[in-house]
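Everything on this sheet refers to the single structure shown next.
So that the names make sense, note that chain A is the first sequence line, chain B the second, and so on, each numbered from 1.
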Number of protein chains: 2
Amino acid sequence: MATEEPPWLDEGEWRAWVAFASVLVRLPAVLDARLQRDAGVSHFEYAAMAALSEAPERTLRMSDLASAADGSLSRLSQVVGRLEKRGWVRRTPDPADGRYTLAVLTDDGWDKVVEAAPGHVRAVREFVFDPLSKAQVRQLTGIGGRIMRAIDPDCYAPGRPQAGK
Amino acid sequence: MATEEPPWLDEGEWRAWVAFASVLVRLPAVLDARLQRDAGVSHFEYAAMAALSEAPERTLRMSDLASAADGSLSRLSQVVGRLEKRGWVRRTPDPADGRYTLAVLTDDGWDKVVEAAPGHVRAVREFVFDPLSKAQVRQLTGIGGRIMRAIDPDCYAPGRPQAGK
DNA sequence: CCTGTTGACTTCACGCTTCAAGTCATCGGG
DNA sequence: CCCGATGACTTGAAGCGTGAAGTCAACAGG
């Protein structure tokens with residue numbers, strides 16, 4: 001029963017895959033390049049600061065920030081080191097439990113996010129939402145959810161009725 | 001006219017973006033990890049060898065191979081160097097024009113592709129096509145095409161009637 | 001034939017990511 | 001109070017990607 005499925009892609013799947021695989025490679029590349037050019041930060045740095053900017057007290061534990069930004073703790077530690085050198089983030093041991101380290105977005109860091117966000121949103125709109133119809137946006141939501149649940153069933157519940165923030 | 005569009009994402013777009021952005025980060029990561037674990041090659045190395053395996057004579061000029069594999073010439077040059085050391089690819093100056101370099105897939109390289117392909121297809125099926133309905137696969141084709149055309153209008157014509165290979 | 005130009009590829013230095021230790025604070029058991 | 005275990009983070013070496021500069025073959029003009 002291990003090989004219930006056809007081993008190869010049929011023509012419809014193949015067409016979908018060539019188109020989608022290109023998107024997987026090129027879309028992150030152009031979004032990264034825009035962010036780098038317009039704001040001088042990588043997408044991962046931006047994601048980390050954006051996550052902090054939405055957190056209470058603009059503060060998050062390193063490990064929570066790592067998963068919020070979809071990266072390893074090691075990677076995050078180095079990135080936060082760079083952001084700290086640029087004055088956008090500060091690190092403090094958690095007063096409640098010294099094993100944790102808290103990352104805090106500074107006022108300069110907040111300003112940086114506010115400066116970078118509109119350009120990033122504009123890029124996302126230009127390459128993703130402008131070319132799509134309203135129906136396709138709905139379809140994309142469903143498709144993205146299905147694929148994410150296949151990759152990581154714990155990432156979020158399927159029919160969560162609450163409005164996400 | 002520069003700011004015709006709303007600067008922010010509405011709720012439907014935002015939900016689509018959170019789901020899709022995660023896919024953009026995690027799907028390449030899991031596919032890469034599978035390929036690395038099962039066949040010991042990176043996705044880019046696999047893509048390069050797969051492109052060669054489908055080319056006439058299993059041969060392509062370096063620059064054509066670079067664009068077929070969606071990477072810079074510089075990156076490709078290094079990867080082909082590594083593949084050559086492993087005996088899977090050979091480099092020859094083009095007899096017709098010495099400015100070009102031809103990359104040729106060796107028999108060992110062919111075997112490697114044949115060995116790696118089923119696992120890769122299985123992974124793509126597991127994470128992309130199994131969780132989607134037939135209708136969603138069609139939708140994904142349309143969405144992917146639209147986004148790609150926004151990124152690179154020259155990448156392929158919209159309604160090309162010819163069956164792509 | 002010589003020379004400058006073009007374009008394809010290669011190489012090098014640098015920055016980033018990863019993987020495998022290493023450090024440090026806390027907790028539970030003697 | 002001490003001691004080992006656990007878990008959160010940090011660090012260091014190694015590998016990979018990028019951008020700039022270098023090499024080399026072919027061509028076009030004198």
Side-chain angles (χ1 to χ4, degrees), chain A residues 24-26 28-37 39-49 51-52 59-86 88-104, chain B residues 24-26 28-37 40-49 51-52 59-86 89-104:
Chain A
L24 249 27
V25 174
R26 311 265 312 249
V30 298
L31 293 179
D32 240 319
R34 279 287 172 103
L35 221 32
Q36 193 70 47
R37 183 182 54 120
V41 298
S42 72
H43 184 269
F44 188 74
E45 292 171 331
Y46 175 78
M49 290 198 291
L52 284 177
T59 298
L60 240 30
R61 300 207 293 227
M62 292 292 282
S63 33
D64 292 340
L65 182 53
S67 65
D70 263 333
S72 68
L73 185 53
S74 163
R75 181 182 185 183
L76 189 90
S77 177
Q78 315 235 70
V79 166
V80 169
R82 293 197 292 271
L83 295 178
E84 204 170 20
K85 248 183 236 154
R86 301 220 245 172
W88 293 333
V89 171
R90 208 162 21 84
R91 262 187 287 207
T92 324
D94 188 335
D97 185 336
R99 286 172 298 184
Y100 295 107
T101 301
L102 300 178
V104 187
Chain B
L24 248 28
V25 173
R26 312 265 315 247
V30 297
L31 293 179
D32 240 321
R34 280 287 171 104
L35 221 31
Q36 193 69 48
R37 182 180 55 117
V41 298
S42 72
H43 184 270
F44 188 74
E45 291 171 330
Y46 175 79
M49 291 198 290
L52 283 177
T59 297
L60 240 31
R61 301 206 293 228
M62 292 291 283
S63 33
D64 292 340
L65 182 53
S67 65
D70 262 333
S72 67
L73 186 52
S74 163
R75 180 182 185 184
L76 189 89
S77 178
Q78 310 210 138
V79 166
V80 169
R82 293 198 291 272
L83 294 178
E84 203 169 21
K85 246 181 237 154
R86 301 221 245 171
V89 171
R90 208 163 19 84
R91 262 187 288 207
T92 326
D94 187 336
D97 185 336
R99 286 173 299 185
Y100 296 107
T101 301
L102 300 177
V104 187

**Q.** Residue list, salt bridge (Lys or Arg N to Asp or Glu O under 4.0 Å) with B/Asp94, at least two apart or on another chain
**A.** none
(Q) On a heavy-atom basis, which atom in B/Leu65 and which in B/Ala51 lie closest, and how many Å separate them? (A) CD1-CB, 3.8 Å
Q) Who are the side chain to side chain contact (heavy atoms under 4.5 Å, CB included) partners of B/Val104, not counting sequence neighbours? A) B/Thr59, B/Arg90, B/Thr92
Q. Just how far, in rounded Å, is C1' of C/dT10 from CD of B/Glu84?
A. 12 Å
Q) Taking C-beta and beyond as the side chain, do B/Leu76 and B/Ser63 meet within less than 4.5 Å on heavy atoms? A) no
Q) Applying salt bridge (charged side-chain N to carboxylate O under 4.0 Å, His left out), which residue pairs with at least one partner in residues 95-104 of chain B are found, sequence neighbours left out? A) B/Asp97-B/Arg99
Q.
My understanding is that only residues two or more places apart in sequence, or in another chain, count here; which of them pass side chain to side chain contact (heavy atoms under 4.5 Å, CB included) with B/Arg91?
A. B/Met62, B/Ser77, B/Val80, B/Glu84, B/Thr101
Q.
If I compare all heavy atoms of A/Val41 with all of A/Met49, which pair ends up nearest, and what's the gap?
A. CG1-CE, 4.3 Å
Set out, line by line, the N/O atom pairs under 3.5 Å between protein and nucleotides 15-19 of chain D.
from, atom 1, to, atom 2, distance (Å)
D/dG17, OP1, B/Arg75, NE, 3.2
D/dG17, OP1, B/Arg75, NH2, 2.9
D/dG17, OP2, B/Arg82, NH2, 3.2
D/dG19, O6, B/Ser74, OG, 2.9

Q | Between C1' of C/dC16 and CG of A/Leu83, the distance in whole Å | A | 13 Å
(Q) Looking at every heavy atom in both B/Leu52 and B/Ala103, which two are closest together, and how far apart are they? (A) CD2-O, 3.4 Å
Q) What is the distance, rounded to the nearest whole Å, between atom CG of A/Leu76 and atom C1' of C/dT18? A) 14 Å
Could you pull out the protein-nucleic contacts involving nucleotides 4-9 of chain D (nitrogen or oxygen on both sides, under 3.5 Å)?
from, atom 1, to, atom 2, distance (Å)
D/dC9, OP1, A/Thr101, N, 2.9
D/dC9, OP1, A/Thr101, O, 3.3
D/dC9, OP2, A/Ser63, N, 2.9
D/dC9, OP2, A/Ser63, OG, 2.3

